[in-house]
There are 2 protein chains.
Amino acid sequence: MQTPPATTEETPAPADVCAAPPRRHPRPEGQDRYTISEVVAFTGLTAHTLRWYERIGLMSHIDRSHTGQRRYCNRDLDWLDFVGKLRLTGMPVADMVRYAELVREGEGTYAARRALLESTRRDVLTRIAELNDTLQVLDRKISFYTGAGSA
Amino acid sequence: MQTPPATTEETPAPADVCAAPPRRHPRPEGQDRYTISEVVAFTGLTAHTLRWYERIGLMSHIDRSHTGQRRYCNRDLDWLDFVGKLRLTGMPVADMVRYAELVREGEGTYAARRALLESTRRDVLTRIAELNDTLQVLDRKISFYTGAGSA
DNA sequence: TAGAACCCTTGAGTGCACTCCAAGCAAGCG
DNA sequence: CGCTTGCTTGGAGTGCACTCAAGGGTTCTA
């Protein structure tokens, strides 16, 4: 068995260096059309939120069934995974939408996308440093309380 | 010179294991009464936010001048530093208020305080792990764009 | 004794990221 | 056929953490 031809990256890239790796909510193999409630199960987002993401342009228009219901594909799920990561960084939704627009604009925006991600990367490093700092404070206080409790 | 008698911890503790260490906004030495705008300069919070913190019980009542203006002391600044750390962890303000209440209730709440901080500590570790994960994704994408740009 | 700068209060307003509602369509089942 | 379940829409509502406005008092410098 081999990785399916799923492109998963922002632009139909030739050799996709960037394929989506481990996923937390395993998708069924060989499927490429999911209802909104399946996506809810995979991502933990609500159906409301998924529709809202689409409305504000954080997702490109989702394919529809003959009756007008949304049918998400694996690439959509990959994108949602990535958006989830960005969300963890604290990036505002408006910035994510900006990134999504760059993706839709095509390969000409590679430099801009990289700049955006590098700036995000810096934010993440800062945040990690802050959290490590906070951890030290917490540890100091916890050991204070522990000592005071057993003294 | 010796550390001043500032207690800085939640309860007038005997030997304070928990003294506040490095501060980012250096305070003048030997002072213990600050106007709200000085505190704004030290903490980066707005005066609105400082008053709001007091209203919701995130800070105990601040000392006042004879004309009713707030005069913050070093211990208040230490508390604000700590609150800033908690804020970085993403802890909701309501939970911080809960912690502040425990502090006001006295030494009998040491165990509860420790439990709260330990739970926060776990959250912080989780968050750091998530951010490291995100960092990997960002690095993968950045190097993809870098390669595509120079290819 | 001006005038500017600073501070006070209560209560309302803002921005973000969802979250829900109402009304209605479509498919599957006994 | 009727019932249930799942999906659709636009627009309104929610909760959080501030943020500001209005109207007034105080403190500092000249």
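Note: hydrogens, waters and symmetry copies are ignored here, and every other heavy atom, side chains too, is used. Residue numbering restarts at 1 for every chain, and letters A, B, ... go by the order of the sequence lines. Nothing here was measured: the structure is a model prediction, and the numbers come from that model.
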Whichever of B/Leu45 and A/Gly68 has its nearest DNA chain D nucleotide further upstream toward 5': A/Gly68

Using 4.0 Å as the upper bound for N to carboxylate O, is an ion pair formed by [Y] and [X]?
X	Y	result
B/Arg51	B/Glu54	no
B/Arg33	B/Asp63	yes
B/Asp133	A/Lys85	yes
A/Glu118	A/Arg122	no

Would you tabulate the pairs of protein nitrogen or oxygen atoms and nucleotide nitrogen or oxygen atoms of nucleotides 25-28 of chain C closer than 3.5 angstrom?
none

Sugar-phosphate only, base, or nothing, as touched by A/Ser65 at under 4.0 Å among non-hydrogen atoms: nothing

Polar side-chain atom of [X] near backbone of [Y] as donor-acceptor pair, under 3.5 Å:
X	Y	answer
A/Asp95	A/Pro92	no
B/Thr43	B/Val39	yes
B/Thr146	B/Ile142	yes

Whole-Å gap separating [atom2] ([N]) and [atom1] ([X]):
X	N	atom1	atom2	result
B/Glu54	D/dA17	CD	C1'	17 Å
B/Ile36	C/dC6	CD1	P	13 Å
A/Leu58	C/dA17	CG	C1'	11 Å
A/Ile62	D/dT8	CD1	C1'	15 Å
B/Arg51	C/dG11	CZ	P	16 Å
A/His61	D/dT9	NE2	C1'	14 Å
A/Leu50	D/dT8	CG	C1'	14 Å
B/Glu38	C/dC6	CD	C1'	12 Å

As a test of reading the structure: which of [options] is closest to the side chain of [X], going by heavy atoms?
X	options	answer
B/Thr35	D/dC20, C/dC18, C/dC7	C/dC7
B/His48	D/dC20, C/dA17, D/dA17	D/dC20
B/Val93	C/dT9, D/dT8, D/dC18	D/dC18
B/Trp52	D/dA17, D/dT9, C/dC18	D/dA17

Counterpart residues, side chain to side chain donor-acceptor pair (under 3.5 Å), relative to B/Thr49 (two or more places apart): B/Thr46

Listed partners of A/Thr109 passing side chain to side chain donor-acceptor pair (under 3.5 Å), at least two apart: A/Arg113

Side-chain N or O of [X] less than 4.0 angstrom from OP1 or OP2 on [N]?
X	N	result
B/Ser37	C/dC7	yes
A/Arg87	C/dC18	yes
B/Tyr53	D/dC18	yes
B/Arg64	C/dT9	yes
A/Arg70	D/dC7	no

Aromatic ring pairing A/Tyr145/B/Tyr99, orientation class (parallel under 30°, perpendicular over 60°, tilted between): perpendicular

Closest non-hydrogen atom pair between B/Met96 and B/Leu58, with its separation: CB-CD1, 3.5 Å

Polar contact flag, side-chain donor to acceptor under 3.5 angstrom, B/Tyr34-B/Asn74: yes

Bend angle of the helix from C/dT1-D/dA30 to C/dG30-D/dC1, from helix axes over five pairs at each end, nearest 10°: 0°

Any residue meeting ring-ring contact (aromatic ring centres under 6.0 Å, His included) with B/Tyr72, in chain and number order, not counting sequence neighbours: none

Which atoms of nucleotides 11-15 of chain D (N or O only) lie under 3.5 Å from a protein N or O atom, and what are those distances?
| residue | atom | partner | partner atom | Å |
| --- | --- | --- | --- | --- |
| D/dG11 | N7 | A/Arg55 | NH1 | 3.3 |
| D/dG11 | O6 | A/Arg55 | NH2 | 3.4 |

